[in-house]
2 protein chains.
Amino acid sequence: MLTRSEEDHLKAVHALLQDGASAFTKDIAERLGTKASSVTVMLKKLTDKGLLKHEPYYGVKLTGKGQTAALRLVRKHRLWETFLVERLGFGWDEVHEVAEQLEHVSSDKLTDSLDEYLGHPRFDPHGDPIPDRNGKVQSRNIKPLAGCLVGERVRIAAVKDPSDPLLQLLDEKGIGIGMVFEVHARQAFDGSLELRRKQGPPSTLSALVAAQLLVEPARP
Amino acid sequence: MLTRSEEDHLKAVHALLQDGASAFTKDIAERLGTKASSVTVMLKKLTDKGLLKHEPYYGVKLTGKGQTAALRLVRKHRLWETFLVERLGFGWDEVHEVAEQLEHVSSDKLTDSLDEYLGHPRFDPHGDPIPDRNGKVQSRNIKPLAGCLVGERVRIAAVKDPSDPLLQLLDEKGIGIGMVFEVHARQAFDGSLELRRKQGPPSTLSALVAAQLLVEPARP
DNA sequence: AACATAAATTAGCCTTGTCTAAAATATATA
DNA sequence: TATATATTTTAGACAAGGCTAATTTATGTT
Ligand SMILES: [Mn+2]
Ligand SMILES: [Mn+2]
Ligand SMILES: [Mn+2]
Ligand SMILES: [Mn+2]
(Lines give C-alpha, C1' and ligand atoms only; values in the text may rest on other atoms or scores of the structure.)
(Ligands and ions follow the chains in the order given, each with its own letter.)
Protein backbone atom coordinates (compact mmCIF):
# COMPACT_ATOMS: atom_id res chain seq x y z
CA MET A 1 0.00 0.00 0.00
CA LEU A 2 1.36 3.39 -1.02
CA THR A 3 0.69 6.68 0.74
CA ARG A 4 -0.61 9.63 -1.18
CA SER A 5 2.79 11.27 -1.13
CA GLU A 6 4.48 8.13 -2.39
CA GLU A 7 1.96 7.90 -5.20
CA ASP A 8 2.50 11.50 -6.22
CA HIS A 9 6.26 11.03 -6.29
CA LEU A 10 5.88 7.90 -8.38
CA LYS A 11 3.63 9.68 -10.83
CA ALA A 12 6.03 12.63 -11.08
CA VAL A 13 8.90 10.30 -11.91
CA HIS A 14 6.80 8.55 -14.52
CA ALA A 15 5.81 11.84 -16.12
CA LEU A 16 9.40 13.07 -16.27
CA LEU A 17 10.60 9.83 -17.86
CA GLN A 18 8.26 10.23 -20.85
CA ASP A 19 9.93 10.12 -24.25
CA GLY A 20 13.28 8.95 -22.97
CA ALA A 21 13.97 11.94 -20.72
CA SER A 22 15.59 11.65 -17.30
CA ALA A 23 14.04 12.23 -13.90
CA PHE A 24 16.12 14.37 -11.57
CA THR A 25 15.53 15.30 -7.97
CA LYS A 26 15.13 19.00 -8.64
CA ASP A 27 12.49 18.48 -11.33
CA ILE A 28 10.50 16.11 -9.19
CA ALA A 29 10.51 18.64 -6.37
CA GLU A 30 9.41 21.38 -8.73
CA ARG A 31 6.50 19.30 -9.98
CA LEU A 32 5.35 18.48 -6.48
CA GLY A 33 5.94 21.91 -5.01
CA THR A 34 8.40 20.58 -2.45
CA LYS A 35 12.14 20.79 -1.84
CA ALA A 36 14.82 18.59 -3.31
CA SER A 37 15.84 17.32 0.11
CA SER A 38 12.35 16.01 0.72
CA VAL A 39 12.37 14.27 -2.62
CA THR A 40 15.68 12.55 -1.91
CA VAL A 41 14.20 10.96 1.20
CA MET A 42 11.18 9.75 -0.72
CA LEU A 43 13.26 8.38 -3.59
CA LYS A 44 15.18 6.29 -1.12
CA LYS A 45 11.95 5.02 0.38
CA LEU A 46 10.44 4.10 -2.97
CA THR A 47 13.69 2.44 -3.96
CA ASP A 48 13.54 0.36 -0.78
CA LYS A 49 10.00 -0.61 -1.71
CA GLY A 50 11.23 -1.83 -5.07
CA LEU A 51 9.42 0.74 -7.17
CA LEU A 52 12.36 2.90 -8.23
CA LYS A 53 16.03 2.52 -8.90
CA HIS A 54 17.78 5.56 -7.53
CA GLU A 55 21.38 6.21 -8.55
CA PRO A 56 22.37 9.05 -6.22
CA TYR A 57 23.36 12.13 -8.22
CA TYR A 58 22.33 10.46 -11.48
CA GLY A 59 18.58 10.47 -11.33
CA VAL A 60 16.02 7.75 -10.97
CA LYS A 61 14.36 5.05 -13.09
CA LEU A 62 11.19 3.05 -12.61
CA THR A 63 11.35 -0.68 -11.97
CA GLY A 64 8.78 -2.91 -13.64
CA LYS A 65 6.75 -2.83 -10.47
CA GLY A 66 7.03 0.95 -10.32
CA GLN A 67 6.01 1.29 -13.94
CA THR A 68 2.91 -0.80 -13.30
CA ALA A 69 1.97 1.22 -10.24
CA ALA A 70 2.54 4.52 -12.04
CA LEU A 71 0.39 3.46 -14.96
CA ARG A 72 -2.41 2.49 -12.61
CA LEU A 73 -2.29 6.00 -11.16
CA VAL A 74 -2.25 7.63 -14.58
CA ARG A 75 -5.20 5.46 -15.55
CA LYS A 76 -7.17 6.55 -12.52
CA HIS A 77 -6.29 10.20 -12.96
CA ARG A 78 -7.38 10.26 -16.59
CA LEU A 79 -10.53 8.21 -16.04
CA TRP A 80 -11.63 10.65 -13.36
CA GLU A 81 -10.87 13.62 -15.60
CA THR A 82 -12.98 12.01 -18.29
CA PHE A 83 -15.81 11.40 -15.87
CA LEU A 84 -15.75 14.98 -14.67
CA VAL A 85 -15.90 16.40 -18.18
CA GLU A 86 -18.18 13.88 -19.89
CA ARG A 87 -20.64 13.26 -17.10
CA LEU A 88 -20.49 16.15 -14.68
CA GLY A 89 -20.00 18.95 -17.16
CA PHE A 90 -16.68 20.24 -15.89
CA GLY A 91 -14.53 22.28 -18.25
CA TRP A 92 -11.26 20.66 -19.29
CA ASP A 93 -9.48 23.41 -17.40
CA GLU A 94 -11.27 22.54 -14.13
CA VAL A 95 -10.52 18.87 -13.71
CA HIS A 96 -6.84 18.47 -12.94
CA GLU A 97 -6.92 19.56 -9.31
CA VAL A 98 -9.88 17.37 -8.47
CA ALA A 99 -8.50 14.35 -10.33
CA GLU A 100 -5.28 14.87 -8.40
CA GLN A 101 -7.28 13.96 -5.31
CA LEU A 102 -9.57 11.32 -6.80
CA GLU A 103 -6.67 9.31 -8.24
CA HIS A 104 -5.66 8.30 -4.71
CA VAL A 105 -8.91 6.56 -3.86
CA SER A 106 -7.95 2.94 -3.69
CA SER A 107 -10.46 0.45 -5.04
CA ASP A 108 -9.81 -1.69 -8.09
CA LYS A 109 -13.51 -2.32 -8.42
CA LEU A 110 -14.13 1.41 -8.51
CA THR A 111 -11.53 2.01 -11.21
CA ASP A 112 -12.76 -0.78 -13.42
CA SER A 113 -16.43 0.08 -12.93
CA LEU A 114 -15.73 3.68 -13.81
CA ASP A 115 -13.83 2.60 -16.90
CA GLU A 116 -16.74 0.48 -18.03
CA TYR A 117 -19.29 3.16 -17.14
CA LEU A 118 -17.44 5.61 -19.37
CA GLY A 119 -17.31 3.07 -22.22
CA HIS A 120 -13.58 2.32 -21.94
CA PRO A 121 -12.40 5.70 -23.16
CA ARG A 122 -8.97 5.63 -24.74
CA PHE A 123 -8.14 9.31 -24.29
CA ASP A 124 -8.79 11.84 -21.57
CA PRO A 125 -10.17 15.35 -22.09
CA HIS A 126 -6.70 16.66 -22.85
CA GLY A 127 -6.06 13.98 -25.44
CA ASP A 128 -3.75 11.96 -23.22
CA PRO A 129 -4.05 8.19 -23.58
CA ILE A 130 -5.73 6.24 -20.79
CA PRO A 131 -3.93 2.98 -19.96
CA ASP A 132 -6.25 -0.01 -19.90
CA ARG A 133 -6.35 -2.29 -16.85
CA ASN A 134 -3.25 -4.06 -18.13
CA GLY A 135 -1.35 -0.82 -18.55
CA LYS A 136 -1.58 -0.84 -22.34
CA VAL A 137 -2.04 2.50 -24.09
CA GLN A 138 -3.13 3.19 -27.64
CA SER A 139 -0.18 4.31 -29.72
CA ARG A 140 -0.55 7.20 -32.14
CA ASN A 141 1.52 9.06 -34.64
CA ILE A 142 1.57 12.52 -33.12
CA LYS A 143 3.89 15.51 -33.39
CA PRO A 144 3.82 19.17 -32.35
CA LEU A 145 1.70 21.41 -34.51
CA ALA A 146 4.59 23.88 -34.48
CA GLY A 147 6.62 21.55 -36.66
CA CYS A 148 3.98 21.08 -39.35
CA LEU A 149 4.42 22.31 -42.88
CA VAL A 150 2.14 24.80 -44.53
CA GLY A 151 -0.50 22.82 -46.41
CA GLU A 152 -0.67 19.90 -43.97
CA ARG A 153 -4.08 18.75 -42.78
CA VAL A 154 -3.97 17.69 -39.15
CA ARG A 155 -6.27 16.64 -36.34
CA ILE A 156 -5.71 18.07 -32.86
CA ALA A 157 -4.78 15.04 -30.77
CA ALA A 158 -3.63 16.37 -27.43
CA VAL A 159 -2.45 19.33 -25.41
CA LYS A 160 1.13 18.68 -24.37
CA ASP A 161 1.30 20.43 -21.01
CA PRO A 162 -2.28 21.41 -20.26
CA SER A 163 -2.11 24.39 -17.93
CA ASP A 164 -5.40 26.07 -17.15
CA PRO A 165 -4.55 29.36 -18.91
CA LEU A 166 -3.56 27.51 -22.07
CA LEU A 167 -6.79 25.49 -22.02
CA GLN A 168 -8.80 28.66 -21.53
CA LEU A 169 -7.03 30.29 -24.47
CA LEU A 170 -7.91 27.32 -26.65
CA ASP A 171 -11.52 27.51 -25.45
CA GLU A 172 -11.68 31.14 -26.47
CA LYS A 173 -10.30 30.36 -29.91
CA GLY A 174 -12.72 27.46 -30.21
CA ILE A 175 -10.00 24.87 -30.61
CA GLY A 176 -10.55 21.40 -29.15
CA ILE A 177 -9.41 17.80 -29.32
CA GLY A 178 -10.46 16.04 -32.51
CA MET A 179 -10.80 19.12 -34.68
CA VAL A 180 -9.24 19.05 -38.13
CA PHE A 181 -7.34 22.03 -39.52
CA GLU A 182 -5.20 22.91 -42.47
CA VAL A 183 -2.01 24.80 -41.74
CA HIS A 184 -2.58 27.74 -44.02
CA ALA A 185 0.37 29.99 -43.30
CA ARG A 186 3.36 30.50 -41.03
CA GLN A 187 4.76 33.92 -40.24
CA ALA A 188 8.50 34.00 -40.67
CA PHE A 189 8.86 36.73 -38.05
CA ASP A 190 7.41 34.96 -34.99
CA GLY A 191 6.55 31.46 -36.17
CA SER A 192 2.86 31.99 -35.58
CA LEU A 193 0.47 29.82 -37.58
CA GLU A 194 -2.77 30.49 -39.37
CA LEU A 195 -5.16 27.55 -39.33
CA ARG A 196 -8.23 27.04 -41.51
CA ARG A 197 -11.18 24.68 -40.94
CA LYS A 198 -13.60 23.22 -43.49
CA GLN A 199 -16.03 25.83 -42.28
CA GLY A 200 -15.76 28.50 -39.67
CA PRO A 201 -13.33 31.36 -39.23
CA PRO A 202 -9.54 30.92 -39.36
CA SER A 203 -7.48 30.90 -36.16
CA THR A 204 -4.09 32.39 -35.50
CA LEU A 205 -1.88 30.66 -32.96
CA SER A 206 1.40 31.87 -31.53
CA ALA A 207 4.41 29.60 -31.86
CA LEU A 208 4.24 29.02 -28.11
CA VAL A 209 0.74 27.66 -28.36
CA ALA A 210 1.52 25.66 -31.49
CA ALA A 211 4.37 23.99 -29.65
CA GLN A 212 1.89 22.77 -27.04
CA LEU A 213 -0.57 21.27 -29.47
CA LEU A 214 0.07 17.72 -30.62
CA VAL A 215 -1.50 16.68 -33.87
CA GLU A 216 -1.92 13.59 -36.01
CA PRO A 217 -2.19 13.42 -39.80
CA ALA A 218 -5.71 13.90 -41.19
CA ARG A 219 -6.70 12.77 -44.66
CA PRO A 220 -8.45 15.49 -46.66
CA MET B 1 -9.27 23.32 5.80
CA LEU B 2 -9.74 20.09 7.71
CA THR B 3 -7.49 17.05 7.47
CA ARG B 4 -8.94 13.65 6.72
CA SER B 5 -8.56 12.62 10.34
CA GLU B 6 -10.26 15.76 11.58
CA GLU B 7 -13.12 15.14 9.19
CA ASP B 8 -13.54 11.56 10.33
CA HIS B 9 -13.61 12.62 13.97
CA LEU B 10 -16.19 15.27 13.23
CA LYS B 11 -18.36 12.79 11.39
CA ALA B 12 -18.09 10.27 14.22
CA VAL B 13 -19.22 12.88 16.74
CA HIS B 14 -22.12 13.84 14.51
CA ALA B 15 -23.19 10.23 14.13
CA LEU B 16 -23.08 9.58 17.87
CA LEU B 17 -25.13 12.68 18.62
CA GLN B 18 -28.06 11.44 16.50
CA ASP B 19 -31.42 11.29 18.31
CA GLY B 20 -30.26 13.19 21.35
CA ALA B 21 -27.55 10.75 22.40
CA SER B 22 -24.18 11.83 23.80
CA ALA B 23 -20.76 11.52 22.21
CA PHE B 24 -18.07 10.13 24.49
CA THR B 25 -14.39 9.69 23.86
CA LYS B 26 -14.47 5.92 24.08
CA ASP B 27 -17.26 5.58 21.53
CA ILE B 28 -15.57 7.90 19.08
CA ALA B 29 -12.38 5.86 19.37
CA GLU B 30 -14.30 2.65 18.82
CA ARG B 31 -15.94 4.02 15.67
CA LEU B 32 -12.65 5.17 14.25
CA GLY B 33 -10.63 2.15 15.29
CA THR B 34 -8.24 4.24 17.36
CA LYS B 35 -7.52 4.71 21.06
CA ALA B 36 -9.28 7.06 23.43
CA SER B 37 -6.08 8.96 24.10
CA SER B 38 -5.74 9.80 20.42
CA VAL B 39 -9.33 11.00 20.34
CA THR B 40 -8.85 13.31 23.31
CA VAL B 41 -6.08 15.12 21.48
CA MET B 42 -8.19 15.51 18.37
CA LEU B 43 -11.21 16.73 20.34
CA LYS B 44 -9.07 19.45 21.79
CA LYS B 45 -7.86 20.39 18.34
CA LEU B 46 -11.36 20.54 16.86
CA THR B 47 -12.52 22.53 19.86
CA ASP B 48 -9.71 25.02 19.25
CA LYS B 49 -10.87 25.27 15.64
CA GLY B 50 -14.35 26.13 16.82
CA LEU B 51 -16.07 23.01 15.55
CA LEU B 52 -16.70 21.20 18.83
CA LYS B 53 -17.33 22.08 22.43
CA HIS B 54 -15.44 19.58 24.55
CA GLU B 55 -16.27 19.37 28.25
CA PRO B 56 -13.51 17.11 29.56
CA TYR B 57 -14.99 13.97 31.14
CA TYR B 58 -18.50 14.96 30.01
CA GLY B 59 -18.42 14.37 26.29
CA VAL B 60 -18.54 16.65 23.32
CA LYS B 61 -21.10 18.68 21.36
CA LEU B 62 -21.03 20.20 17.89
CA THR B 63 -20.99 23.96 17.43
CA GLY B 64 -23.05 25.46 14.63
CA LYS B 65 -19.94 25.55 12.48
CA GLY B 66 -19.19 21.94 13.36
CA GLN B 67 -22.73 20.88 12.56
CA THR B 68 -22.50 22.50 9.14
CA ALA B 69 -19.18 20.86 8.38
CA ALA B 70 -20.41 17.46 9.56
CA LEU B 71 -23.52 17.68 7.41
CA ARG B 72 -21.41 18.54 4.38
CA LEU B 73 -19.42 15.37 4.98
CA VAL B 74 -22.51 13.24 5.45
CA ARG B 75 -23.88 14.73 2.23
CA LYS B 76 -20.76 13.82 0.32
CA HIS B 77 -20.59 10.33 1.78
CA ARG B 78 -24.18 9.52 0.88
CA LEU B 79 -24.03 11.09 -2.56
CA TRP B 80 -21.01 8.96 -3.39
CA GLU B 81 -22.72 5.84 -2.07
CA THR B 82 -25.69 6.63 -4.26
CA PHE B 83 -23.44 7.14 -7.28
CA LEU B 84 -21.68 3.86 -6.70
CA VAL B 85 -24.91 1.88 -6.46
CA GLU B 86 -27.05 3.70 -9.03
CA ARG B 87 -24.45 4.34 -11.68
CA LEU B 88 -21.58 1.95 -11.19
CA GLY B 89 -23.57 -1.09 -10.15
CA PHE B 90 -22.02 -1.61 -6.73
CA GLY B 91 -23.96 -3.62 -4.18
CA TRP B 92 -25.19 -1.68 -1.16
CA ASP B 93 -22.83 -3.76 0.95
CA GLU B 94 -19.80 -2.68 -1.11
CA VAL B 95 -19.97 1.08 -0.97
CA HIS B 96 -19.20 2.18 2.55
CA GLU B 97 -15.45 1.69 2.48
CA VAL B 98 -15.04 3.49 -0.83
CA ALA B 99 -17.35 6.36 0.14
CA GLU B 100 -15.30 6.67 3.30
CA GLN B 101 -12.44 7.74 1.04
CA LEU B 102 -14.38 9.70 -1.57
CA GLU B 103 -16.07 11.88 1.04
CA HIS B 104 -12.75 13.59 1.72
CA VAL B 105 -12.26 14.89 -1.80
CA SER B 106 -12.64 18.61 -1.44
CA SER B 107 -14.45 20.41 -4.25
CA ASP B 108 -17.79 22.11 -3.80
CA LYS B 109 -18.30 22.07 -7.52
CA LEU B 110 -17.78 18.32 -7.54
CA THR B 111 -20.30 17.73 -4.76
CA ASP B 112 -22.97 19.89 -6.30
CA SER B 113 -22.42 18.54 -9.81
CA LEU B 114 -22.68 15.01 -8.51
CA ASP B 115 -25.87 15.88 -6.66
CA GLU B 116 -27.39 17.28 -9.82
CA TYR B 117 -26.13 14.39 -11.95
CA LEU B 118 -27.89 11.96 -9.63
CA GLY B 119 -31.10 14.00 -9.76
CA HIS B 120 -30.88 15.38 -6.20
CA PRO B 121 -31.51 12.09 -4.47
CA ARG B 122 -33.00 12.46 -1.01
CA PHE B 123 -31.95 9.09 0.37
CA ASP B 124 -28.86 6.95 0.00
CA PRO B 125 -28.82 3.22 -0.78
CA HIS B 126 -29.27 2.39 2.89
CA GLY B 127 -32.26 4.69 3.21
CA ASP B 128 -30.36 7.40 5.06
CA PRO B 129 -31.34 10.95 4.19
CA ILE B 130 -28.94 13.03 2.08
CA PRO B 131 -28.62 16.64 3.30
CA ASP B 132 -29.11 19.18 0.54
CA ARG B 133 -26.49 21.87 -0.07
CA ASN B 134 -27.98 23.88 2.79
CA GLY B 135 -27.82 20.97 5.18
CA LYS B 136 -31.56 20.35 5.13
CA VAL B 137 -32.75 16.74 5.28
CA GLN B 138 -36.16 15.32 4.51
CA SER B 139 -37.97 14.36 7.69
CA ARG B 140 -39.87 11.09 7.92
CA ASN B 141 -41.97 9.21 10.37
CA ILE B 142 -39.90 6.10 10.90
CA LYS B 143 -39.60 3.52 13.67
CA PRO B 144 -37.94 0.13 14.14
CA LEU B 145 -39.74 -2.78 12.51
CA ALA B 146 -39.22 -4.69 15.75
CA GLY B 147 -41.75 -2.45 17.51
CA CYS B 148 -44.52 -2.87 14.95
CA LEU B 149 -47.79 -4.59 15.77
CA VAL B 150 -49.05 -7.66 14.00
CA GLY B 151 -51.29 -6.47 11.19
CA GLU B 152 -49.38 -3.25 10.41
CA ARG B 153 -48.48 -2.49 6.81
CA VAL B 154 -45.10 -0.84 6.56
CA ARG B 155 -42.55 0.27 3.99
CA ILE B 156 -38.86 -0.47 4.59
CA ALA B 157 -37.30 2.99 4.91
CA ALA B 158 -33.75 2.42 6.10
CA VAL B 159 -31.23 0.07 7.63
CA LYS B 160 -30.25 1.47 10.99
CA ASP B 161 -26.64 0.33 11.28
CA PRO B 162 -25.82 -1.09 7.86
CA SER B 163 -23.02 -3.59 8.41
CA ASP B 164 -22.03 -5.64 5.38
CA PRO B 165 -23.19 -9.00 6.83
CA LEU B 166 -26.59 -7.55 7.67
CA LEU B 167 -26.96 -6.11 4.17
CA GLN B 168 -25.99 -9.43 2.67
CA LEU B 169 -28.56 -11.21 4.82
CA LEU B 170 -31.23 -8.82 3.58
CA ASP B 171 -30.10 -9.41 0.00
CA GLU B 172 -30.51 -13.13 0.48
CA LYS B 173 -33.99 -12.69 1.88
CA GLY B 174 -34.84 -10.33 -0.95
CA ILE B 175 -35.59 -7.42 1.33
CA GLY B 176 -34.75 -3.91 0.18
CA ILE B 177 -35.51 -0.24 0.71
CA GLY B 178 -38.98 0.77 -0.44
CA MET B 179 -40.60 -2.64 -0.18
CA VAL B 180 -43.98 -2.88 1.54
CA PHE B 181 -44.79 -5.70 3.96
CA GLU B 182 -47.50 -6.69 6.35
CA VAL B 183 -46.41 -7.88 9.77
CA HIS B 184 -48.15 -11.22 9.79
CA ALA B 185 -47.01 -12.79 13.03
CA ARG B 186 -44.60 -12.42 15.92
CA GLN B 187 -43.20 -15.41 17.81
CA ALA B 188 -43.51 -14.93 21.53
CA PHE B 189 -40.46 -17.09 22.18
CA ASP B 190 -37.80 -15.09 20.34
CA GLY B 191 -39.58 -12.04 19.00
CA SER B 192 -38.98 -13.06 15.42
CA LEU B 193 -41.37 -11.68 12.81
CA GLU B 194 -43.09 -13.15 9.80
CA LEU B 195 -43.62 -10.67 6.98
CA ARG B 196 -45.91 -11.03 3.97
CA ARG B 197 -45.83 -9.16 0.67
CA LYS B 198 -48.63 -8.54 -1.84
CA GLN B 199 -47.05 -11.29 -3.87
CA GLY B 200 -44.01 -13.42 -3.32
CA PRO B 201 -43.06 -15.73 -0.46
CA PRO B 202 -43.17 -14.69 3.18
CA SER B 203 -39.97 -13.79 5.06
CA THR B 204 -39.00 -14.58 8.61
CA LEU B 205 -36.73 -12.12 10.38
CA SER B 206 -35.02 -12.49 13.74
CA ALA B 207 -35.69 -9.85 16.37
CA LEU B 208 -32.09 -8.70 15.92
CA VAL B 209 -32.64 -7.99 12.25
CA ALA B 210 -36.05 -6.44 12.87
CA ALA B 211 -34.46 -4.03 15.30
CA GLN B 212 -32.15 -2.84 12.53
CA LEU B 213 -34.87 -2.19 9.99
CA LEU B 214 -36.57 1.19 10.12
CA VAL B 215 -40.01 1.41 8.56
CA GLU B 216 -42.64 4.00 7.77
CA PRO B 217 -46.42 3.49 7.67
CA ALA B 218 -47.79 2.19 4.36
CA ARG B 219 -51.46 2.55 3.38
CA PRO B 220 -52.97 -0.69 2.18
C1' DA C 1 -17.61 7.68 53.88
C1' DA C 2 -14.44 4.85 51.70
C1' DC C 3 -13.29 2.29 48.02
C1' DA C 4 -13.47 -0.04 43.40
C1' DT C 5 -13.94 0.48 38.64
C1' DA C 6 -14.49 2.43 34.22
C1' DA C 7 -13.49 6.27 31.45
C1' DA C 8 -10.79 10.12 30.22
C1' DT C 9 -6.78 12.68 30.18
C1' DT C 10 -1.85 13.52 30.27
C1' DA C 11 2.92 12.42 29.36
C1' DG C 12 6.18 10.56 26.62
C1' DC C 13 7.47 7.96 22.48
C1' DC C 14 7.36 6.79 17.41
C1' DT C 15 6.65 7.30 12.31
C1' DT C 16 5.74 10.10 8.30
C1' DG C 17 6.62 13.83 5.54
C1' DT C 18 8.02 18.18 5.34
C1' DC C 19 11.59 21.99 6.07
C1' DT C 20 16.42 24.62 6.52
C1' DA C 21 21.27 24.56 6.69
C1' DA C 22 25.47 22.28 5.92
C1' DA C 23 28.26 19.09 3.39
C1' DA C 24 29.27 16.43 -0.67
C1' DT C 25 29.37 15.68 -5.55
C1' DA C 26 29.30 16.41 -10.58
C1' DT C 27 30.16 19.32 -14.15
C1' DA C 28 31.19 23.51 -16.69
C1' DT C 29 34.62 27.18 -17.16
C1' DA C 30 38.75 29.68 -16.76
C1' DT D 1 44.22 21.61 -13.98
C1' DA D 2 42.02 24.30 -10.71
C1' DT D 3 37.99 26.45 -9.44
C1' DA D 4 33.19 28.05 -9.55
C1' DT D 5 28.49 26.70 -9.73
C1' DA D 6 24.47 23.99 -9.68
C1' DT D 7 22.63 19.98 -7.88
C1' DT D 8 22.12 16.47 -4.61
C1' DT D 9 22.46 14.42 -0.34
C1' DT D 10 22.80 14.42 4.68
C1' DA D 11 21.82 16.08 9.27
C1' DG D 12 18.87 17.90 12.40
C1' DA D 13 14.33 20.12 13.53
C1' DC D 14 9.37 20.11 13.63
C1' DA D 15 4.24 19.22 13.23
C1' DA D 16 0.64 15.73 12.66
C1' DG D 17 -1.39 11.77 14.23
C1' DG D 18 -1.03 7.62 16.06
C1' DC D 19 0.47 4.46 20.28
C1' DT D 20 1.33 2.74 25.46
C1' DA D 21 1.63 3.62 30.25
C1' DA D 22 0.64 6.41 34.06
C1' DT D 23 -2.45 9.51 36.25
C1' DT D 24 -6.74 11.76 37.16
C1' DT D 25 -11.64 11.98 37.44
C1' DA D 26 -16.46 10.52 37.82
C1' DT D 27 -19.45 7.36 39.52
C1' DG D 28 -21.39 3.17 41.47
C1' DT D 29 -21.03 -0.07 45.57
C1' DT D 30 -20.26 -1.45 49.83
MN1 LIG E 1 -2.37 13.32 -6.65
MN1 LIG F 1 -5.38 15.04 -18.46
MN1 LIG G 1 -13.78 8.97 5.83
MN1 LIG H 1 -25.17 4.91 3.71
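- Residues that satisfy the side-chain contact (heavy atoms from CB on, under 4.5 Å) test with A:Lys35, not counting sequence neighbours, are A:Ser37, A:Ser38.
- Residues of residues 46-53 of chain B that place a heavy atom closer than 4.0 Å to DNA chain D do not occur.
- Remark: A:Gln138 pairs with A:Arg122, A:Phe123 by the side-chain contact (heavy atoms from CB on, under 4.5 Å) rule, at least two apart or across chains.
- Between A:His126 and A:His96, the gap from one ring centroid to the other reaches at least 6.0 Å.
- Atoms CE (A:Met42) and P (C:dT16) sit 10 Å apart, rounded to a whole Å.
- Counting to the nearest Å, the P atom of D:dG18 and the CZ atom of B:Arg4 are 10 Å from each other.
- In this view, A:Ser163 and A:Pro165, A:Leu166 satisfy the side-chain contact (heavy atoms from CB on, under 4.5 Å) rule, not counting sequence neighbours.
- In this structure, B:Lys136 and B:Leu71 have side chains that are not in contact, with every pair of non-hydrogen atoms separated by 4.5 Å or more.
- Two residues are said to be in side-chain contact when any heavy atoms from C-beta on lie closer than 4.5 Å; A:Leu17 and A:Lys61 meet this criterion.
- B:Asn141 and B:Glu216 form no side-chain donor-acceptor contact under 3.5 Å, judged by distance and modelled atom types alone.
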Nucleotide N/O of nucleotides 6-16 of chain D paired with protein N/O under 3.5 Å:
from: D:dT8; atom 1: OP1; to: A:Thr25; atom 2: N; distance (Å): 3.4
from: D:dT8; atom 1: OP2; to: A:Lys26; atom 2: N; distance (Å): 2.8
from: D:dT8; atom 1: O3'; to: A:Tyr57; atom 2: N; distance (Å): 3.4
from: D:dT9; atom 1: OP1; to: A:His54; atom 2: NE2; distance (Å): 2.6
from: D:dT9; atom 1: OP1; to: A:Tyr57; atom 2: N; distance (Å): 3.1
from: D:dT9; atom 1: OP2; to: A:Thr25; atom 2: OG1; distance (Å): 2.9
from: D:dT9; atom 1: OP2; to: A:Thr40; atom 2: OG1; distance (Å): 3.0

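- B:Arg140 CZ: more than 12 foreign heavy atoms inside a 6.0 Å radius.
- In this structure, A:Arg78 fails the cation-pi test against A:Phe83, since its NZ or CZ atom is not both closer than 6.0 Å to the six-membered ring centre and inside 45 degrees of the ring normal.
- Against DNA chain D, the stretch residues 7-17 of chain B makes heavy-atom approaches under 4.0 Å through B:His9.
- Using modelled atom types, one finds a donor on one side chain and an acceptor on the other under 3.5 Å when comparing B:His104 with B:Asp8.
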